[in-house]
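Only heavy atoms go into these numbers, but all of them, side chains included; no hydrogens, no water, no symmetry mates.
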Amino acid sequence: LLLDFKRQGKYKARGVKRGFLENKAVADGYDFDYYSNVVKLHAVRTALFSRRDNGSRAIKIKDVSTAFLQSNPYPDGKVKYIWFRNPVTGQRHYYRQTGPIYGEAAAPVLWEQTIAPWLVSQGFIRGENEPGVFWHPKREVALLLYVDDLLADGNEEDVDWIFSLLEARFECKEAETLVPGQFLDYLGLNIGRDNDGNVCLSMQTYIERACHVLDVQSRARGCDTPITAPIDPESGPITPKELKKFLTGLGMLGWLAQTGRPDVAYCYSRIGQHSAKPSRSALQA
């Protein structure tokens with residue numbers, strides 16, 4: 001049983017299964033496929049930057065609350081049991097599961113098998129090469145699905161139509177609408193738009209946080225080119241503390257390259273070649 005204190009000042013408690021302890025063959029069968037599809041980041045960029053905006057199209061995001069708990073129940077005959085330790089008395093409390101819960105190995109794919117067929121039943125066509133994208137040909141609504149986070153792009157009345165159906169079927173949080181001068185956070189991407197409907201992606205919040213973690217000071221002048229010098233593998237070894245900083249920074253650079261800053265992809269690849277034994281020159285890069 002986990003208890004967290006949220007940034008909004010609220011407490012959040014949740015019972016989570018330690019799924020790595022499950023006997024998967026007994027729990028789900030030898031041939032169970034645990035892979036679940038989520039929309040890829042390059043598909044998100046493509047959808048945002050190839051959109052046709054006639055002035056009436058809207059971008060909105062919606063979050064399904066505790067999605068895994070809203071999955072279809074187990075089929076007849078399937079039984080699972082679980083126990084939680086009471087955090088106050090220390091006693092075990094036993095329960096019979098009627099459906100998947102958080103931490104369960106099969107929970108992500110069982111949720112996908114719940115929401116994806118439901119979207120198809122509403123008239124959406126699921127992408128064959130990108131199963132995380134759904135398209136409604138009559139209403140011309142594009143829907144991107146990343147587990148329980150949905151982004152919809154279409155005429156506002158059509159986006160509101162599918163979101164109202166979603167709220168009738170699942171418990172959801174309030175929808176957020178992209179408006180000029182403000183940003184929407186979708187999968188860590190800050191999405192913005194201007195008064196003409198043009199869309200942009202900003203990673204400013206993440207970059208500022210990364211600079212704080214890495215103790216990198218901003219300079220008076222920006223860099224036009226992400227990497228301009230060779231990396232010398234013979235420039236000497238780095239300390240274990242510096243190695244941790246190097247790997248942390250490289251991971252952050254990789255996330256930026258995959259999200260809203262593809263301009264750093266080449267430098268990420270160059271520096272990443274030195275991951276096995278980074279030198280001082282690699283750390284500086």
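Note on K80 versus E104: salt bridge recorded, some NZ/NE/NH1/NH2 to OD/OE distance being below 4.0 Å. At a threshold of 4.0 Å, the pair K60-D153 does not count as salt-bridged, since none of the basic side-chain nitrogens sits closer than that to a carboxylate oxygen. A salt bridge between K78 and D28 is present, with a side-chain N of the basic residue lying under 4.0 Å from a carboxylate O of the acidic one. We find that E167 and K173 are not joined by a salt bridge, their nearest charged nitrogen and carboxylate oxygen being 4.0 Å or further apart. A salt bridge between E174 and K62 is absent, with no side-chain N of the basic residue lying under 4.0 Å from a carboxylate O of the acidic one. A salt bridge does not link E156 with R57: every distance from a Lys NZ or Arg NE/NH1/NH2 to an Asp or Glu carboxylate oxygen is 4.0 Å or more.
In the hydrophobic clustering of ILVMFWY residues, with side-chain heavy atoms under 4.5 Å counting as a link, L144 and V147 come out together. Cluster annotation: Y146 is not connected to F183 through the hydrophobic network of ILVMFWY side chains, with a link wherever side-chain heavy atoms come within less than 4.5 Å. Under the 4.5 Å side-chain heavy-atom criterion for grouping Ile, Leu, Val, Met, Phe, Trp and Tyr, L69 is not connected to L110 through any hydrophobic cluster. Hydrophobic clustering places L165 together with V141 (ILVMFWY residues linked when any side-chain heavy atoms are closer than 4.5 Å, directly or through intermediates). Follow the hydrophobic side-chain contacts under 4.5 Å out from W135 and you never reach V39; the two are in separate clusters.
In this structure, the side chains of F49 and L201 come closer than 4.5 Å at one or more pairs of heavy atoms. At a threshold of 4.5 Å between non-hydrogen side-chain atoms, the residues F124 and P137 do not count as touching. Taking 4.5 Å as the limit, every side-chain heavy atom of H136 sits out of range of all side-chain heavy atoms of D158. Two residues are said to be in side-chain contact when any heavy atoms from C-beta on lie closer than 4.5 Å; I101 and V16 fail this criterion. Looking at I207 and R261, their side chains come closer than 4.5 Å, going by heavy atoms from C-beta outward. At a threshold of 4.5 Å between non-hydrogen side-chain atoms, the residues V38 and L145 do not count as touching. At a threshold of 4.5 Å between non-hydrogen side-chain atoms, the residues Y206 and C211 do not count as touching. H93 places none of its side-chain heavy atoms less than 4.5 Å from the side chain of W83.
Among all heavy-atom pairs drawn from A257 and A265, the shortest one is CB-CA, 3.9 Å. Of all the heavy atoms in D263 and P226, the pair that sits closest is O-CG, 3.5 Å. Heavy-atom minimum distance, G272 versus S275: O-OG, 2.5 Å. Of all heavy-atom pairs spanning E130 and A43, the tightest one is OE2-CB, 3.5 Å. Between A107 and F68, the shortest heavy-atom distance links the atoms CB-CD1, 3.6 Å. Residues N86 and V88 come closest through the heavy atom pair OD1-N, 2.7 Å.
With hydrogens and angles disregarded, no donor-acceptor distance shorter than 3.5 Å links the side chain of R85 to the backbone of R92. A donor-acceptor contact shorter than 3.5 Å is absent between the side chain of E22 and the backbone of K24. Remark: side-chain polar atoms of D194 are paired, donor with acceptor, to backbone N or O of D196 under 3.5 angstrom. With D185 contributing its side chain and G188 its backbone, the two residues share a donor-acceptor pair below 3.5 Å. Although no hydrogens or angles enter the test, the distance criterion places no donor-acceptor pair under 3.5 Å between the side chain of N155 and the main chain of E157. The backbone N or O of I227 sits nowhere less than 3.5 Å from a side-chain atom of T225 that would complete a donor-acceptor pair. Distance alone, capped at 3.5 Å, is enough to place a donor-acceptor pair between the S235 side chain and the S281 backbone. Put simply, the side chain of S269 never gets that close to the backbone of Y266: no donor and acceptor are under 3.5 Å apart.
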Dump the intermediate steps for ring pair (Phe, Tyr, Trp, His ring centres under 6.0 Å) on Y34 and F32, then the final yes or no.
CA-CA 6 Å; Y34 292 94; F32 190 88; 4.7 Å; yes
Please test V199 against I191 for side chain to side chain contact (heavy atoms under 4.5 Å, CB included), starting from the C-alpha separation and ending with a verdict.
CA-CA 7 Å; V199 175; I191 306 171; 3.8 Å; yes
I'd like to know whether Q70 forms a side-chain hydrogen bond (donor to acceptor under 3.5 Å, both in side chains) with N72, so could you lay out the CA-CA distance, the side-chain angles of the two residues, the decisive distance to 0.1 Å, and finally the verdict.
CA-CA 7 Å; Q70 300 192 64; N72 293 329; over 6 Å; no
Using the rule given for side chain to side chain contact (heavy atoms under 4.5 Å, CB included), can you reason through Y95 versus F84, listing the C-alpha separation, both sets of side-chain angles and the distance that settles it, and then say yes or no?
CA-CA 8 Å; Y95 300 89; F84 290 97; 4.0 Å; yes
CA sep, side-chain torsions, deciding dist, call: Q204, N190, side chain to side chain contact (heavy atoms under 4.5 Å, CB included):
CA-CA 8 Å; Q204 178 176 342; N190 290 328; 5.6 Å; no
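Annotation: cation-pi geometry satisfied between R14 and Y102 (NZ/CZ under 6.0 angstrom from ring centroid, within 45° of ring axis).
Side chains of N37 and E112: a donor-acceptor N/O pair is present below 3.5 angstrom, by distance only. Side-chain N/O atoms of Y74 and Q97 include a donor and acceptor closer than 3.5 Å.
Rounding to the nearest 0.5 Å gives a distance of 8.5 Å between CZ of F134 and CG of L150. Rounding to the nearest 0.5 Å places CG of L184 at 4.5 Å from CG of L178. Atoms CG and CD1, on L119 and I125 in that order, are 12.5 Å from each other to the nearest 0.5 Å. Interatomic distance, Q113 CD to S36 OG, rounded to the nearest 0.5 Å: 9.5 Å. To the nearest 0.5 Å, the span separating CZ on R193 from SG on C200 amounts to 11.0 Å. A distance of 11.5 Å separates CD1 in I59 from OH in Y186, rounded to the nearest 0.5 Å.
No more than 12 heavy atoms of other residues, nucleotides or ligands shown are found within 6.0 angstrom of OH on Y11. A 6.0 Å sphere centred on CZ of F5 holds more than 12 heavy atoms belonging to other residues, nucleotides or ligands. Counting heavy atoms of neighbouring residues, nucleotides and ligands inside a 6.0 Å radius, atom CD of Q273 exceeds 12 of them.
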Donor-acceptor pairs under 3.5 angstrom involving side-chain atoms of residues 236-254: please list them, not counting sequence neighbours.
| residue | atom | partner | partner atom | Å |
| --- | --- | --- | --- | --- |
| T239 | OG1 | E242 | N | 3.1 |
| T239 | OG1 | E242 | OE1 | 3.4 |
| E242 | OE1 | T239 | N | 2.9 |
| E242 | OE1 | R280 | NH1 | 3.0 |
| E242 | OE1 | R280 | NH2 | 3.4 |
| E242 | OE2 | R280 | NH2 | 2.6 |
| K245 | NZ | L214 | O | 3.1 |
| T248 | OG1 | K244 | O | 2.8 |

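Under the ring-ring contact (aromatic ring centres under 6.0 Å, His included) criterion, W118 pairs with F170, sequence neighbours left out.
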